[in-house]
2 protein chains.
Amino acid sequence: MTMSAPDPFAVWLPLARAHKTILTAVEAALKQAGLRGLDWYDLLWELECAGDAGLRPYELQEKLLLPQYGVSRLADRLAKAGYLTRQDCSGDGRGQVLLLTPEGARIRAQMWEVYAAAMEPAISSNLSTGEARRLSELLGKLLRPAPADKI
Amino acid sequence: MTMSAPDPFAVWLPLARAHKTILTAVEAALKQAGLRGLDWYDLLWELECAGDAGLRPYELQEKLLLPQYGVSRLADRLAKAGYLTRQDCSGDGRGQVLLLTPEGARIRAQMWEVYAAAMEPAISSNLSTGEARRLSELLGKLLRPAPADKI
DNA sequence: TGAATGTCAATGCACTTGCATCTAAATTTC
DNA sequence: GAAATTTAGATGCAAGTGCATTGACATTCA
């Protein structure tokens, strides 16, 4: 005897639209600055957080919600650009460890400037501090795992 | 003399993550049902809303936030699948009007079942009615145009 | 009216993505 | 400890995307 559930599309439609709008704006800003897309940024950022330990591709896969081949190829491109190195993984002959290069760190910092500058007008200028807090809190609730009987 | 603006990333990061999570779930459900992706659905839906008047490609471009060539090619695929027809546009020799076929309407209804079923556990089960209302309201605020000096 | 400019839509090409499959190494099972 | 299974990661191929350009018609303006 629970109350009727809310209409999911009342949430999803503006969510999808806001996402596409903001994403498009950020990607355009990056491109205009001669930089690569957010997928590159996200990977570089994770590697930077990982520090000297680096990250295994399968770890990135989880963190970035990318398919396995997505990480494999994205890492290829980053490696070709000189932003990361692949290192044989001691202890697991199948695996490898991805490590950020100094050049990779440099470019990530550069991207960050553009990223943050593009985000500000898209988000901050439309919300008060309280609204932003409440919004991120509510969005966080969407990230809870689906009910077991639906997986 | 305004207060300091909120951190946009506190909103953007969970927003992007929630979006990717939900999108992935819905697309997977559609694929598993042997249906095409949400891009097809969105186009079909707009055509259905437009009724007998149909829609011009450039109108879809605005509604769906797609690039011009994106609409052109998506419409190609839908047409090849028999879900829409292109009709010469009386009054503008450059243009055309896209019209939903009965088969297109049928398939859209079929997709809707899957779409809605996948959305429910992803969203409704994580939010109360009040939370959902507040969330869609806050997301709506993000859709306001950027300040003029930032365009 | 005729040339310049603007708008609607398609497309060639390079790059990216999705899917299925493959190899190699690790782990489990008997 | 050899065979079967699982896991890490790469890759061939088909399909989709982004960018720049083109072609066709419309509109503007001298």
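Worth saying up front: this structure is predicted, and the values here are computed from it rather than measured. Below, read A as the first sequence line, B as the second, and so on, with proteins coming before strands; counting in each chain starts at 1.
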When rounded to the nearest 0.5 angstrom, what distance separates CG in B:L138 from CG in A:N126? 11.5 Å
Between C1' of C:dA9 and CD of B:E59, the distance in whole Å: 14 Å
From the 5' end of DNA chain D to its 3' end, which nucleotides mark the outer limits of contact with chain B, defined by a 4.0 Å heavy-atom distance cut-off (strictly under)? D:dG16 to D:dA26
For salt bridge (Lys or Arg N to Asp or Glu O under 4.0 Å), just list the numbers for B:R106 and B:E103, CA-CA rounded to whole Å, side-chain angles, deciding distance to a tenth of an Å, and then say yes or no. CA-CA 5 Å; B:R106 208 180 58 73; B:E103 177 63 7; 3.1 Å; yes
Does a side-chain heavy-atom distance below 4.5 Å link B:H19 with A:W12? yes
Mind calculating the distance between CD (A:Q61) and P (C:dG18) to the nearest angstrom? 13 Å
Between A:W40 and B:Q96, who's closer to the 5' end of DNA chain C by nearest nucleotide? B:Q96
Contact under 4.0 Å: A:Q68 side-chain N or O vs C:dG18 OP1/OP2: no
5'-most contact on DNA chain C: A:D92 or A:D39, nearest heavy atom basis? A:D39
DNA chain C-proximal residues of residues 16-31 of chain A, any heavy atom under 4.0 Å: none
Around atom CZ of B:R133, are there more than 12 heavy atoms from other residues, nucleotides or ligands closer than 6.0 Å? no
Could you tell me the separation between the CG atom of B:L139 and the CZ atom of A:R17, rounded to the nearest 0.5 Å? 13.0 Å
Would you say the side chain of B:L99 lies within less than 4.5 Å of the side chain of B:L47, judging by non-hydrogen atoms? no
Nucleotide C:dT17, atom C1' - distance to CG of A:L64 in whole Å: 16 Å
Can you measure from CH2 (B:W40) to CG (B:L84) and round to the nearest 0.5 angstrom? 9.0 Å
What distance separates B:L55 CG from B:K63 NZ, expressed to the nearest 0.5 Å? 6.0 Å
Please determine, for the side chain of B:R94, which listed nucleotide (C:dT7, C:dT11, C:dA25) has the closest atom? C:dT7
Considering only NZ, NE, NH1 and NH2 on the basic side and carboxylate oxygens on the acidic side, decide whether A:R134 and A:E131 come within less than 4.0 Å. no
I want to confirm an ordering. Mapping A:R56 and B:G93 to their closest nucleotides on DNA chain D, which one lands closer to the 5' end? A:R56
Backbone N/O of B:Q96 and side chain of B:R56: donor-acceptor pair under 3.5 Å: yes
Is there a side-chain polar atom (N or O) of B:R36 under 4.0 Å from OP1 or OP2 of C:dG18? no
Contact list please: residues 71-91 of chain A against DNA chain D, heavy atoms, distance less than 4.0 Å, in numerical order. A:S72, A:R73, A:R86
To the nearest Å, how far apart are B:L66 CG and C:dA9 C1'? 15 Å
Ignoring hydrogens, what is the shortest heavy-atom contact between A:P6 and B:A132? Give both atom names and the distance. CB-CB, 3.5 Å
